[in-house]
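Take a look at the structure below.
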Amino acid sequence: MAEKTLTIVNTIALLAVVVYLVASHAEKSKIPEEIKAQRLSIVGPDGHLYISISNPEKQALATTHGVPNKPGTNRDLPGLLFFNRVGDEIGGIYYDGTDEENFAGITFDQQKNDQIMAIMKDEYLDEGEWKRWYGMFFRERVDSVRVEKLYDEFIGKTKGMDESEKNLEYQQFKKYLDSEINVYRMFLGREENKNTGLFIYDSKGRERIKLYVDETDTALFEILDKDGNEIRSGKVLDKNE
């Protein structure tokens, strides 16, 4: 009788363990309905950062060989950043907006440098009217010069200048960047003036070819020389025109 009772007790205990294990496994394999975090970092076995998904306050900084380019600063944009095997930030997805502006983009960086290809859009209110542009951009950047270093030099150079002097110096600085360091080469998309088409620039960032449809649905083309003068332009005619 005692042996039979022990067998029953052992059987009940075994069933209890089985039920517990099944329940535990079911709980562990259950898909969570929501995960909340200020930042999610995807890392390798050694802790190396590959992807950062973050709110504005916790967003990762741009890095080169794992070293932040501007330590002590912040990006202040939510989004997703990509990092390669040697610790360089190589692009990402960003977005943000208010009741008066909305913008977003996907960027791809040049080796050891900033973005050279991007899909972007921006919408903003201007005197009660929404202005919009969006499309794909291409740039060329000098390999031997980083824009961040030039900006630091510009800040040092203009320290102590009044506002008008700084603005004048900045216009010259931006002209140098746009023609020599960070050159705009192509835009495919919609401009603020509602022209939609292909806009091509030369190696100095000068607009040379425009093929677009304007807001009246007129197809137009323009070919410009390096000084911005029209070499050829016209309207693409329909069959019946």
Side-chain angles (χ1 to χ4, degrees), residues 38-39 49 52 54-79 81-83 86-105 107-118 120-127 131 133 137-187 191-193 199 201-207 226-228:
Q38 294 192 56
R39 174 171 159 179
L49 179 64
S52 171
S54 178
N55 65 16
E57 293 77 16
K58 296 290 184 180
Q59 188 56 274
L61 292 176
T63 56
T64 303
H65 282 296
V67 179
N69 293 334
K70 286 187 173 292
T73 62
N74 62 68
R75 291 197 177 224
D76 196 33
L77 280 177
L81 296 180
F82 302 106
F83 299 81
V86 295
D88 296 340
E89 186 253 308
I90 55 174
I93 301 171
Y94 70 88
Y95 59 91
D96 208 351
T98 65
D99 289 336
E100 298 182 346
E101 185 177 19
N102 191 344
F103 56 89
T107 66
F108 303 87
D109 291 355
Q110 181 171 300
Q111 175 77 350
K112 307 296 182 187
N113 215 316
D114 209 346
Q115 60 190 245
I116 53 173
M117 188 173 84
M120 296 181 176
K121 73 106 174 180
D122 192 11
E123 305 173 87
Y124 64 94
L125 273 175
D126 181 23
E127 297 182 354
K131 303 286 187 180
W133 63 260
F137 299 80
F138 294 92
R139 292 180 181 272
E140 284 186 6
R141 295 180 183 272
V142 175
D143 286 316
S144 59
V145 179
R146 291 194 64 83
V147 175
E148 292 88 349
K149 183 178 180 181
L150 294 178
Y151 272 117
D152 290 340
E153 292 174 356
F154 169 77
I155 291 172
K157 182 179 180 180
T158 57
K159 191 175 182 179
M161 289 185 179
D162 62 33
E163 200 64 30
S164 60
E165 290 175 322
K166 281 185 179 180
N167 287 337
L168 183 61
E169 193 68 34
Y170 178 75
Q171 294 304 318
Q172 295 298 318
F173 175 63
K174 189 174 186 306
K175 184 177 180 181
Y176 168 66
L177 288 182
D178 293 344
S179 63
E180 301 291 339
I181 305 299
N182 173 25
V183 184
Y184 203 51
R185 293 307 305 265
M186 194 190 87
F187 172 64
E191 298 183 313
E192 285 185 10
N193 57 16
F199 308 87
Y201 301 73
D202 66 16
S203 65
K204 298 295 182 181
R206 297 171 295 215
E207 193 169 39
K226 64 181 182 179
D227 297 316

With heavy-atom distances below 4.5 Å as the criterion, would you say the side chains of K204 and E180 are in contact?
yes

So do E101 and D122 actually touch side chain to side chain, heavy atoms under 4.5 Å?
yes

Work out which heavy atom in K131 is nearest to a heavy atom in D126; give both atom names and the distance.
CE-OD2, 3.6 Å

Over 12 foreign heavy atoms within 6.0 Å of NZ, K58
no

Output for pair (F137 CZ, M117 CE), nearest 0.5 Å, gives 12.5 Å

Crowding at NZ, K112 (>12 non-hydrogen neighbours, <6.0 Å):
yes

Value for CG (D109) from CG (D88), rounded to nearest 0.5 Å, stands at 9.5 Å

Side chains of E140 and Y201: any donor to acceptor distance under 3.5 Å?
no

Any salt bridge (charged side-chain N to carboxylate O under 4.0 Å, His left out) pairs touching residues 154-163, not counting sequence neighbours?
K157-E169

Closest heavy-atom contact between V145 and L150?
CG1-CD1, 3.5 Å

Which atoms form the tightest heavy-atom contact between T63 and G87, and what is the distance?
OG1-O, 2.6 Å

Measuring from atom CD1 of I93 to atom CZ of F82, what distance do you get when rounded to the nearest 0.5 angstrom?
5.0 Å

Would you say the side chain of F103 lies within less than 4.5 Å of the side chain of Y124, judging by non-hydrogen atoms?
no

Between M161 and K166, what is the shortest heavy-atom contact and its length?
O-CE, 3.5 Å

Derivation and outcome, side-chain contact (heavy atoms from CB on, under 4.5 Å), residues T158 and F173:
CA-CA 11 Å; T158 57; F173 175 63; over 6 Å; no

If I compare all heavy atoms of A60 with all of F83, which pair ends up nearest, and what's the gap?
CB-CZ, 3.9 Å

Apply side-chain contact (heavy atoms from CB on, under 4.5 Å) to the pair D178 and Y184, showing each step before the final yes or no.
CA-CA 7 Å; D178 293 344; Y184 203 51; over 6 Å; no

Rounded to the nearest 0.5 Å, what's the gap from CD1 on I90 to CG on D114? Could you check?
13.0 Å

Does any non-hydrogen side-chain atom of L61 lie less than 4.5 Å from one of E89?
no

Looking at D227, I'd like to know if its CG atom is crowded, meaning that more than 12 non-hydrogen atoms belonging to other residues, nucleotides or ligands lie closer than 6.0 Å.
yes

Let's go through Q111 and D143 carefully: what are the C-alpha distance in whole Å and the side-chain angles of both, what is the deciding distance for side chain to side chain donor-acceptor pair (under 3.5 Å) to 0.1 Å, and is it a yes or a no?
CA-CA 8 Å; Q111 175 77 350; D143 286 316; over 6 Å; no

Side chain proximity check, D96 to P78, heavy atoms < 4.5 angstrom
yes

side-chain contact (heavy atoms from CB on, under 4.5 Å), that's the test. Do F154 and Y170 meet it? Break it down for me.
CA-CA 8 Å; F154 169 77; Y170 178 75; 3.8 Å; yes

Please state whether the rings of F199 and F187 are parallel, tilted or perpendicular, taking 30° and 60° as the class boundaries.
parallel

If you look at every heavy atom in S52 and Q59, which pair is closest and at what distance?
OG-OE1, 3.1 Å

CZ of R185 to CZ of F138, rounded to nearest 0.5 Å, is 11.5 Å

Say whether, by atom type as modelled, one donor and one acceptor occur between the side chain of R141 and the main chain of I181 under 3.5 angstrom.
no

